[in-house]
A.B. asks: 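Dumping the structure here so I can ask a few things about it.
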Amino acid sequence: MAYKYSILFVDDEVNILSSLKRGLMDEDYTCFFASSGKKALEIMANEKISVIVSDMRMPEMYGLTLLKEVQKKYPHTVRIVLSGYTQLQQVLTTINQVDVFKFITKPWKLEEEFKGIINKALEYYKLREENEEFKHALEAKNRAYQNILRHIEDTISSARKSGEAVGTL
């Protein structure tokens with residue numbers, strides 16, 4: 001079954017991805033899994049990802065580098081960090097540089113914590129999506145009203161010119 005929203009989980013530890021796969025199989029969103037930042041970017045190039053959950057310490061590409069790239073290329077994707085590396089400076093750097101929605105520490109509690117955070121991230125994504133839709137609808141209505149006003153002004157201007165022309169006869 002294809003769902004409207006997709007979550008991408010990125011971690012170089014296969015057992016973490018397997019655990020997430022098992023724990024999230026019944027959720028109402030599509031799950032994608034990548035074992036590296038490079039694979040994550042390949043998935044994102046081909047799929048619309050609503051939320052990305054990334055580990056920080058991975059070989060080849062650190063999570064911070066990945067999330068910076070995601071922020072640049074896919075600014076609407078909500079970014080979450082899942083990491084066992086919890087030095088305060090690293091956490092602050094990540095949050096400040098890539099506008100992280102949440103920082104989840106390993107190990108996590110799937111039912112009590114993890115799923116709730118994912119659902120809140122999806123709600124946030126949906127709200128931003130609705131906001132964009134409302135903004136575009138409002139802009140379209142504004143353009144339509146401006147066209148109507150221009151048409152009315154043109155009609156009034158034409159009527160005045162016709163009245164002036166009639167008055168000179």
Side-chain angles (χ1 to χ4, degrees), residues 1-110 113-140 142-143:
M1 175 186 256
Y3 295 103
K4 184 175 179 182
Y5 300 100
S6 298
I7 315 287
L8 172 59
F9 299 93
V10 188
D11 201 307
D12 61 313
E13 295 181 48
V14 179
N15 59 336
I16 298 281
L17 294 178
S18 295
S19 174
L20 290 170
K21 216 177 271 191
R22 283 189 310 275
L24 300 171
M25 65 176 34
D26 295 329
E27 296 302 311
D28 292 336
Y29 43 80
T30 304
C31 293
F32 292 93
F33 302 91
S35 58
S36 71
K38 182 181 176 197
K39 287 179 184 166
L41 292 173
E42 288 172 8
I43 290 170
M44 292 193 77
N46 296 307
E47 303 291 339
K48 184 178 180 188
I49 301 297
S50 310
V51 177
I52 184 170
V53 181
S54 179
D55 186 20
M56 290 309 297
R57 300 194 114 205
M58 297 183 290
E60 298 174 32
M61 181 187 296
Y62 281 120
L64 181 59
T65 306
L66 168 63
L67 293 175
K68 281 182 181 179
E69 194 67 22
V70 168
Q71 184 181 36
K72 187 170 37 172
K73 288 184 176 178
Y74 312 99
H76 296 292
T77 300
V78 178
R79 294 167 297 282
I80 296 176
V81 171
L82 173 64
S83 185
Y85 188 68
T86 57
Q87 284 192 344
L88 183 59
Q89 190 56 47
Q90 176 69 24
V91 172
L92 292 175
T93 299
T94 303
I95 290 170
N96 290 334
Q97 287 188 19
V98 292
D99 192 24
V100 172
F101 181 75
K102 289 281 184 181
F103 196 105
I104 305 170
T105 56
K106 293 178 185 176
W108 69 90
K109 293 179 180 160
L110 187 70
E113 176 187 23
F114 194 84
K115 286 183 180 181
I117 291 171
I118 297 297
N119 288 327
K120 283 180 183 175
L122 277 175
E123 286 174 29
Y124 181 66
Y125 180 86
K126 290 173 190 176
L127 284 172
R128 288 193 338 197
E129 195 175 54
E130 287 173 11
N131 187 34
E132 279 296 308
E133 290 170 9
F134 286 138
K135 180 181 167 189
H136 291 303
L138 186 60
E139 289 170 348
N142 190 27
R143 284 190 299 275

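Values in this document were obtained by computation on a predicted structure and should not be read as measured data.
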A.B. asks: Using the rule side-chain contact (heavy atoms from CB on, under 4.5 Å), only one of His76, Glu123, Glu133 pairs with Arg128; which is it?
C.D. replies: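 Output: one option passes, namely His76.
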A.B. asks: Might you point out which heavy atoms bring Gly37 and Leu66 nearest each other, and give the distance in Å?
C.D. replies: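 Minimum heavy-atom separation between Gly37 and Leu66: O-CD1, 3.7 Å.
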A.B. asks: Quick check: do Phe101 and Val51 have side-chain heavy atoms less than 4.5 Å from each other?
C.D. replies: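 They are not in side-chain contact.
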A.B. asks: If you compare all heavy atoms of Glu129 against all heavy atoms of Tyr5, which two are closest, and at what distance to 0.1 Å?
C.D. replies: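 Minimum heavy-atom contact is OE1-OH, 2.8 Å.
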A.B. asks: Judged by atom type as modelled, is there a donor-acceptor pair below 3.5 Å linking the side chain of Arg79 to the main-chain atoms of Val98?
C.D. replies: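 A pair under 3.5 Å: yes.
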A.B. asks: Going by an N to O cut-off under 4.0 Å, is there a salt bridge joining Glu69 and Lys72?
C.D. replies: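 The answer is yes: the pair qualifies as a salt bridge.
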A.B. asks: Output the distance between atom CG (Asp12) and atom OG (Ser36), rounded to the nearest 0.5 Å.
C.D. replies: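 That separation rounds to 9.0 Å.
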A.B. asks: Say you draw a straight line from OG1 of Thr65 to CD of Glu60; how long is it, rounded to the nearest 0.5 Å?
C.D. replies: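 Interatomic distance, Thr65 OG1 to Glu60 CD, rounded to 0.5 Å: 12.0 Å.
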A.B. asks: Are more than 12 heavy atoms, taken from residues, nucleotides or ligands other than Lys126, located less than 6.0 Å from that residue's NZ atom?
C.D. replies: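 More than 12 heavy atoms, drawn from other residues, nucleotides or ligands, come within 6.0 Å of this atom.
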A.B. asks: So do Asp55 and Ile16 actually touch side chain to side chain, heavy atoms under 4.5 Å?
C.D. replies: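 Side-chain contact under 4.5 Å: no.
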A.B. asks: Please give me the minimum heavy-atom distance between Met56 and Leu64, naming the atom from each residue.
C.D. replies: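 Result for this residue pair: CE-N, 3.2 Å.
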A.B. asks: Heavy atoms, side chains only, cut-off 4.5 Å: are Leu67 and Ser54 in contact?
C.D. replies: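 The answer is yes; the side chains approach within 4.5 Å.
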A.B. asks: Got a second to check how far Leu138's CG is from Arg143's CZ, nearest 0.5 Å?
C.D. replies: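 The CZ atom of Arg143 is 10.0 Å from CG of Leu138, to the nearest 0.5 Å.
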A.B. asks: Rounded at 0.5 Å granularity, tell me how far CZ in Arg22 sits from CG in Leu17.
C.D. replies: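 CG of Leu17 is found 11.0 Å from CZ of Arg22.
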A.B. asks: Is there a side-chain contact between Leu41 and Met61 (heavy atoms, below 4.5 Å)?
C.D. replies: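 Of all side-chain heavy-atom pairs linking Met61 with Leu41, at least one is under 4.5 Å.
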A.B. asks: Please round to the nearest 0.5 Å and tell me the distance separating atom CE of Met44 and atom NZ of Lys73.
C.D. replies: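 If we round to the nearest 0.5 Å, Met44:CE and Lys73:NZ are 9.5 Å apart.
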A.B. asks: Could you tell me if the side chain of Ile118 sits less than 4.5 Å from the side chain of Phe114, heavy atoms only?
C.D. replies: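 Yes, their side chains come closer than 4.5 Å.
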A.B. asks: Grab the two heavy atoms, one from Ala40 and one from Ala34, that are nearest each other, plus how far apart they are.
C.D. replies: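 Ala40 and Ala34 have their closest heavy atoms at N-CB, 3.6 Å.
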A.B. asks: Considering only heavy atoms from C-beta outward, does the side chain of Lys115 approach that of Leu24 to under 4.5 Å?
C.D. replies: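 Yes - at least one pair of side-chain heavy atoms lies under 4.5 Å apart.
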A.B. asks: Less than 4.5 Å apart, any side-chain heavy atom of Tyr74 and any of Ile49?
C.D. replies: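 In short, these two side chains do not touch, never coming nearer than 4.5 Å.
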A.B. asks: Hey, is OH on Tyr29 packed in by over 12 heavy atoms from elsewhere, all under 6.0 Å?
C.D. replies: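 Correct, the count exceeds 12.
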A.B. asks: Is the ring pair Phe9/Phe33 parallel, tilted or perpendicular, if the boundaries are 30 and 60 degrees?
C.D. replies: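 Answer is parallel, since the angle falls under 30°.
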A.B. asks: Checking side-chain contact (heavy atoms from CB on, under 4.5 Å) between Ile7 and each of Leu122, Ile52, Thr77, which is the one that passes?
C.D. replies: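 Of the listed residues Leu122, Ile52, Thr77, the side-chain contact (heavy atoms from CB on, under 4.5 Å) partner of Ile7 is Leu122.
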A.B. asks: Are any side-chain N or O atoms of Ser6 and backbone N or O atoms of Ser50, one a donor and one an acceptor, separated by less than 3.5 Å?
C.D. replies: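 Absent.
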A.B. asks: How close do Tyr62 and Arg57 get, heavy atom to heavy atom, and via which atoms?
C.D. replies: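 Here Tyr62 and Arg57 meet closest at CD2-CA, 4.0 Å.
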A.B. asks: Return the CG to CD1 distance between Leu8 and Ile80, rounded to the nearest 0.5 Å.
C.D. replies: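 Atom-to-atom, Leu8:CG and Ile80:CD1 are 11.5 Å apart.
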